[in-house]
Amino acid sequence: MFFPEYRARRLRRTPGIRRMVRETFLRVDDLIYPMFSAFGDNIRKEIPSMPGIYQQSIEHIVAEAKEVHELGIPAVILFGIPEEKDPLGQDAYSDEGIIQRTVRAIKDAVPELTVITDVCMCEYTDHGHCGVIRDGDVDNDETLKLLAAEALSHARAGADIVAPSDMMDGRVAAIREILDANDFNHIPVMSYAVKYASAYYGPFRDAADSTPQFGDRRSYQMDPANRREAFREAALDLQECADFLMVKPALAYLDILRDLSDRFDLPLVAYNVSGEYSMVKAAAQLDWIDEDRVVLETLVGMKRAGADLIITYHAKEAARLLASSRD
C-alpha cells in the first residue's frame, strides 16, 4: 500500500470512524483508587505534594469509598498511617490496626466495593524500612513472618485481595501458605512482582509517612537499569501462586509492562505512582498542559503497553472523564 492510493488519514477523519478502529480502550473497570487511612477522628489532611489526595480518618475514608463506588470504580487499595510506630511495626498485623478497622468499616458501608490492602511494614515501622532490621539491613526471612501475619489479619478483617509490596524473597509463598492454612484459600494475592527502587515514590513517602530514617531500599527493591531481572521476579511469584502481577512504577517502565504482558498470562497491574501524578498536577497548575487529555493519554499508554488494571490517583477524575467522553 502506497500513497496516494492508500491514505491512512481516511480512518481518522471523523470521531465515529476513530472510535470504530480504536485498538486500545480504557474503561472505568480498569481503575483502582489508592487511599490513605489515618488514625484518629475528623482528619482530612491534603498531601501538599499530591493535590486532591488526603490522609483521612475512617469516617472520611468511608465517605470517599462511597463516592468511588458511585463513579463505577471497582476497587480501592488501602495504605495506613497508624497512631504509633515501633521497630516491628506491630500495628500492621494487629486485628485492631488502622487498616483492619478501615477494611471493616468500608465493607460494612460499601460491601460491593473490592478492597485491596497493601501488605508491607514501612508505614508502621519507626525506621521506615519494609521489615525487621538486622545489622543495618532488612532481615528477609524474619520479615516474612510479619508479612504473613499482616496478610492474615487483613483477610480476617474482610479484605478481598492482599497485595504484598515489600519485595522480600519468598513473600508470596509465605502469604499463600498462611492464608490457605486459615481457610482463606479464596483470597487472591496481588504481588508487587516488579518494583523498582524509584525516585518517583517521593510524594507517596510524604503521604504514608514512610521515608526511611537511614539508608535506602535499594538492597531489596530492583535496580531501574535491569530488564531481565523483571522476568525472574515475575516467574518466581507465578511459581509461588500469585494471582496478579504488578509493575511499579509504570510510566518509565512501559517496556517492562509489555515484556511481562507478552510472557505471562496472569492479570497485569500497572501502578501509576505518586511522582507521576504529582508531575501532571504541577504542570497543570502552571497551565503548561491540558490536564484532562494528559491523564487519559497516560492511562491509555499503560493499557496499550499491556496493563489489564491500573492503580492510579487519577482514578476518580478519569472515571468522570470517561463517562463524559465520546472521542
Side-chain angles (χ1 to χ4, degrees), residues 31-71 73 75-86 89-92 94 96-110 113 115-130 154 157 159 163 165 199-213 249 271-286 291 295 311-320:
L31 305 175
I32 299 168
Y33 184 58
M35 305 175 77
F36 296 93
S37 185
F39 179 86
D41 298 311
N42 198 29
I43 296 168
R44 194 166 190 264
K45 177 183 175 184
E46 188 171 31
I47 299 154
S49 57
M50 299 179 69
I53 305 298
Y54 297 82
Q55 292 180 348
Q56 301 181 97
S57 49
I58 290 175
E59 74 274 18
H60 291 296
I61 287 281
V62 168
E64 190 171 30
K66 291 178 180 178
E67 178 190 6
V68 167
H69 179 62
E70 288 168 1
L71 287 168
I73 298 166
V76 297
I77 183 166
L78 299 179
F79 301 89
I81 299 99
E83 180 181 20
E84 295 181 357
K85 303 189 179 196
D86 61 78
Q90 295 180 72
D91 193 276
S94 166
E96 291 303 316
I98 183 61
I99 287 299
Q100 292 79 356
R101 292 171 57 208
T102 305
V103 171
R104 290 194 291 267
I106 292 175
K107 295 306 290 186
D108 283 346
V110 200
L113 186 66
V115 175
I116 307 166
T117 55
D118 179 76
V119 177
C120 195
M121 304 301 299
C122 63
E123 300 140 63
Y124 308 96
T125 56
D126 55 10
H127 47 73
H129 279 282
C130 298
H154 291 177
S165 64
Y200 283 96
Y201 303 150
F204 174 90
R205 291 173 182 172
D206 293 337
D209 294 336
S210 63
T211 301
Q213 298 304 299
Y271 199 139
N272 178 209
V273 299
S274 60
E276 298 165 1
Y277 173 88
S278 296
M279 289 191 299
V280 170
K281 288 295 182 180
Q285 287 178 350
L286 292 169
E291 181 179 357
V295 166
I311 299 173
T312 177
Y313 302 95
H314 294 293
K316 292 196 301 180
E317 57 195 294
R320 294 186 180 101

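Just so we're clear, the structure is a prediction, and the values are computed from it rather than from any experiment.
Taken from OG in S57 to CZ in F39, the straight-line distance is 10.5 Å, to the nearest 0.5 Å. With rounding to the nearest 0.5 Å, the separation of CD1 in I53 from NZ in K45 is 15.0 Å. Rounding to the nearest 0.5 Å places CD of E59 at 5.5 Å from CG of D41. Atom CD1 of I61 and atom CD of Q55 lie 10.0 Å apart (nearest 0.5 Å). Distance check: I116 CD1 to I77 CD1 gives 5.5 Å after rounding to the nearest 0.5 Å. Interatomic distance, CD1 of I81 versus OH of Y124, reported as 8.0 Å (0.5 Å rounding).
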M121 vs H129, side chain to side chain contact (heavy atoms under 4.5 Å, CB included): CA-CA, chis, key distance, verdict: CA-CA 7 Å; M121 304 301 299; H129 279 282; over 6 Å; no
F36 vs I47, side chain to side chain contact (heavy atoms under 4.5 Å, CB included): CA-CA, chis, key distance, verdict: CA-CA 10 Å; F36 296 93; I47 299 154; 4.2 Å; yes
Pair Y313-F204, side chain to side chain contact (heavy atoms under 4.5 Å, CB included): steps then yes or no: CA-CA 11 Å; Y313 302 95; F204 174 90; 3.5 Å; yes
Audit row: H154, I99, side chain to side chain contact (heavy atoms under 4.5 Å, CB included) steps and yes/no: CA-CA 7 Å; H154 291 177; I99 287 299; 3.6 Å; yes
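Between the side chain of T102 and the backbone N or O of I98, at least one donor-acceptor pair lies under 3.5 Å. Under a 3.5 Å cut-off, the side chain of S165 and the backbone N or O of D118 do not form any donor-acceptor pair. Judged by distance alone, with hydrogens and angles left aside, the side-chain atoms of E123 form no donor-acceptor pair with the main-chain N or O of C130 at under 3.5 Å. Looking at K316, its side chain never comes within 3.5 Å of a backbone N or O of V68 through a donor-acceptor pair. A donor-acceptor pair under 3.5 Å is formed between the side chain of K107 and the backbone N or O of L113. At least one donor-acceptor pair under 3.5 Å links the side chain of E276 to the backbone N or O of V273. Side-chain atoms of E46 come within 3.5 Å of backbone atoms of G52 as a donor-acceptor pair (strictly under, hydrogens ignored).
Heavy atoms only, all atoms of each residue included: G97 and D91 are closest at CA-OD1, 3.4 Å. Minimum heavy-atom separation, L31 to A319: CD1-N, 4.2 Å. Shortest non-hydrogen contact noted between N42 and H60 is OD1-NE2, 3.4 Å. Counting all heavy atoms, side chain and backbone alike, M35 lies closest to A65 at CE-N, 3.9 Å.
With respect to the salt-bridge test (charged N to carboxylate O, under 4.0 angstrom), the residues K281 and E291 qualify.
Between Y54 and E64, the side chains place no donor N or O within less than 3.5 Å of an acceptor N or O (distance only, hydrogens not considered).
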